[in-house]
Asks: 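Have a look at this one before I ask anything.
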Amino acid sequence: MNKSFLKILTFSLLSFIVFMGCAALEDKPVPDPKPYVTEKNTPLDINNLDSFIGNYKPSIIVTEPLKTEIDIDYLNGIINIFPNKTTNTLEYNYAVYNQGYKDNGSLTIQPTLTPLGEVKIDETTEYDRSHITLTNPITITTNGNTYKISALRKIADSMTNVTDSTTEEEVTKYYTICDPLETGTNNDNSCTSPNGAMKYIGYYRIENINCANTTYYGGTDFAGEMVVNPSLAQNLDVTIPITYKIQVTNPTLKSCLIKTDSGMDNLYYSTKSYTLKETDYSGGLNTAFEKVGLIGLKEDDVTIRTTQIDYSPKDTNYSDMTFGDSNNKVTMRLKYIQNSSLNLLPVVQIQNTKYYQ
């Protein structure tokens, strides 16, 4: 066979393969964004004790007696729940680490499984069966404070081995939000992607407050926290409830933030629900969070950008809220503590009670 013919045939075959490959690539549809999912979390069923097996985090904590220092109650770590098939009851153990504004407490461990007592499943919405309330609160004493946990949120079906030698690194978890400097609607680290934007959902600690051009700091001038837990309707309307509480010790901040006729003494508590039509956030779900005042940082290093955001409180018309007798505008710096997802109950339920005496 003629060598020239072989060369032509080979070139033709290679060209055909390359052409068909490119055509296949051109015809292949762009994949839809992956749905945002948390760790595997079987819904709780009061008639199936096995459904309770897993890791939990506290969602309601009360300090008894009230603290004397300016702080909030956050126990980072895990509480395991496991059914005792012999007694047909639930048991628990835990390893938790108290985290405050200034100093972290020590790791507190109870490796022995202990009876949990009666529980009630919180079925406030059809979407969420991961919260339980306890008839007998779990009592934990650490770093000189006694905490009573009256409600838990299941975060995963897996259990963590708790022993006397368990370390903080084995039980604590740190969460990050999206990065405003990342790009791409299929990039989970980008705030413009659906999955990335939903990382704003969760529980925050208020790090500082700027009021009347003065900055006040958590743990020194006040203590405060916030929860954001949106839900999405079938018509793509999004409802974003925001709850936050601030207890103030600095008198200047108090006059700047709290109206004298509020009747709340030095405690500011707010819970508002915003409902946005799809057209209100046509630029992506992240623009819905921006409209209610949750703003991602575009400055500082990547660690700051992916763990903190700014909050500019809005009224129901999405205008800047004002505070105090002088109608001051306020901005807050929030630190991300714990995540959640759409259509779930708040990961932490903020009570309208004081943090400290």
Side-chain angles (χ1 to χ4, degrees), residues 38-67 72-99 105-164 166 170-173 203 227 229 338 340 344-355:
T38 55
E39 297 176 78
K40 186 180 177 184
N41 189 343
T42 300
L44 299 172
D45 181 352
I46 201 69
N47 298 311
N48 178 12
L49 292 186
D50 284 344
S51 69
F52 287 84
I53 298 173
N55 283 349
Y56 292 74
K57 285 187 177 293
S59 54
I60 298 179
I61 305 174
V62 175
T63 305
E64 293 185 357
L66 282 176
K67 292 184 174 183
I72 62 173
D73 302 326
Y74 177 66
L75 299 179
N76 195 358
I78 55 95
I79 297 174
N80 288 314
I81 293 182
F82 193 76
N84 184 324
K85 296 299 180 67
T86 302
T87 59
N88 203 35
T89 58
L90 297 172
E91 297 182 336
Y92 73 95
N93 63 11
Y94 61 78
V96 295
Y97 196 82
N98 179 49
Q99 292 185 294
S106 57
L107 183 66
T108 305
I109 303 171
Q110 179 184 292
T112 304
L113 286 169
T114 305
L116 185 64
E118 294 184 3
V119 301
K120 179 182 177 181
I121 299 176
D122 195 334
E123 298 184 43
T124 305
T125 74
E126 62 178 302
Y127 308 102
D128 190 10
R129 280 167 50 198
S130 62
H131 285 72
I132 59 175
T133 54
L134 310 178
T135 302
N136 301 312
I138 296 172
T139 300
I140 298 176
T141 299
T142 178
N143 205 35
N145 296 301
T146 297
Y147 302 97
K148 290 195 172 181
I149 301 168
S150 59
L152 298 169
R153 172 193 176 227
K154 186 179 182 184
I155 61 168
D157 288 345
S158 60
M159 293 181 63
T160 301
N161 187 34
V162 175
T163 68
D164 289 325
T166 293
E170 293 175 301
V171 296
T172 55
K173 183 169 183 177
Y203 169 65
V227 164
N229 63 302
Q338 194 180 147
S340 186
L344 295 183
L345 293 172
V347 292
V348 174
Q349 299 176 39
I350 298 177
Q351 309 294 298
N352 191 5
T353 56
K354 289 186 176 183
Y355 296 113

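Note that these values count all heavy atoms, side chains included, but never hydrogens, waters or copies made by symmetry.
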Asks: Do Ile109 and Val162 pass the side chain to side chain contact (heavy atoms under 4.5 Å, CB included) test, and can you show the C-alpha distance, the side-chain angles, and the key distance before you say yes or no?
Replies: CA-CA 8 Å; Ile109 303 171; Val162 175; 3.6 Å; yes
Asks: Answer whether the closest heavy-atom distance between the side chains of Tyr92 and Gln110 falls below 4.5 Å.
Replies: yes
Asks: Examine distances only and state if a side-chain atom of Asp157 and a backbone atom of Thr42 form a donor-acceptor pair shorter than 3.5 Å.
Replies: yes
Asks: Which heavy-atom pair separates Leu66 from Tyr355 by the least distance, and what is that distance?
Replies: CD2-O, 3.8 Å
Asks: Is there a side-chain contact between Asn145 and Lys67, using heavy atoms and a 4.5 Å cut-off?
Replies: yes
Asks: Kindly compute the distance separating OG (Ser340) from CG (Leu345), expressed to the nearest 0.5 Å.
Replies: 8.5 Å
Asks: Which atom pair, heavy atoms only, marks the closest approach of Pro43 to Ser51?
Replies: O-CB, 3.6 Å
Asks: Run the numbers on Lys148 and Asp73 for salt bridge (charged side-chain N to carboxylate O under 4.0 Å, His left out), then give the verdict.
Replies: CA-CA 10 Å; Lys148 290 195 172 181; Asp73 302 326; over 6 Å; no
Asks: Does the side chain of Val227 come within less than 4.5 Å of Gln349's, by heavy atoms?
Replies: no
Asks: Rounded to the nearest 0.5 Å, what separation is found between the OG1 atom of Thr142 and the CG atom of Leu75?
Replies: 8.0 Å
Asks: Do Leu134 and Leu116 touch side chain to side chain, with heavy atoms closer than 4.5 Å?
Replies: yes
Asks: Is any side-chain heavy atom of Glu118 closer than 4.5 Å to one of Leu90?
Replies: no
Asks: Roughly how far apart are Gln351 CD and Ile61 CD1, rounded to 0.5 Å?
Replies: 11.0 Å
Asks: Are any non-hydrogen side-chain atoms of Ile81 and Val119 less than 4.5 angstrom apart?
Replies: no
Asks: Kindly give the heavy-atom pair with the smallest separation between Ser59 and Val347, and that separation in Å.
Replies: CB-O, 3.3 Å
Asks: Would you find a donor on one side and an acceptor on the other, under 3.5 Å apart, between the side chain of His131 and the backbone of Pro346?
Replies: yes
Asks: When rounded to the nearest 0.5 angstrom, what is the spacing between OH in Tyr203 and CD1 in Ile350?
Replies: 6.5 Å
Asks: Counting C-beta onward and ignoring hydrogens, is there a side-chain heavy-atom pair between Thr89 and Pro115 closer than 4.5 Å?
Replies: no
Asks: Picking from Asn161, Asn93, Thr160, what satisfies side chain to side chain donor-acceptor pair (under 3.5 Å) with Asn80?
Replies: Asn93
Asks: Measure the shortest side-chain to side-chain distance between Phe52 and Ile121 over non-hydrogen atoms and say whether it is less than 4.5 angstrom.
Replies: yes
Asks: Ignoring hydrogens, what is the shortest heavy-atom contact between Asn41 and Ser130? Give both atom names and the distance.
Replies: ND2-CB, 3.9 Å
Asks: Treating Lys173 as the side-chain partner and Ile78 as the backbone partner, does any N or O pair qualify as donor plus acceptor under 3.5 Å?
Replies: no
Asks: Are the side chain of Lys57 and the backbone of Leu152 linked by a donor-acceptor contact shorter than 3.5 Å?
Replies: no
Asks: How many angstroms lie between atom CG of Asn88 and atom CG of Leu49, to the nearest 0.5 angstrom?
Replies: 5.0 Å
Asks: Kindly compute the distance separating CG (Leu44) from CZ (Arg153), expressed to the nearest 0.5 Å.
Replies: 11.5 Å
Asks: For Pro83 and Ile53, work out which heavy atoms get closest and say how close.
Replies: CD-CG1, 3.3 Å
Asks: Pick from Thr63, Thr108, Asn98: which one makes a side chain to side chain donor-acceptor pair (under 3.5 Å) with Tyr147?
Replies: Asn98
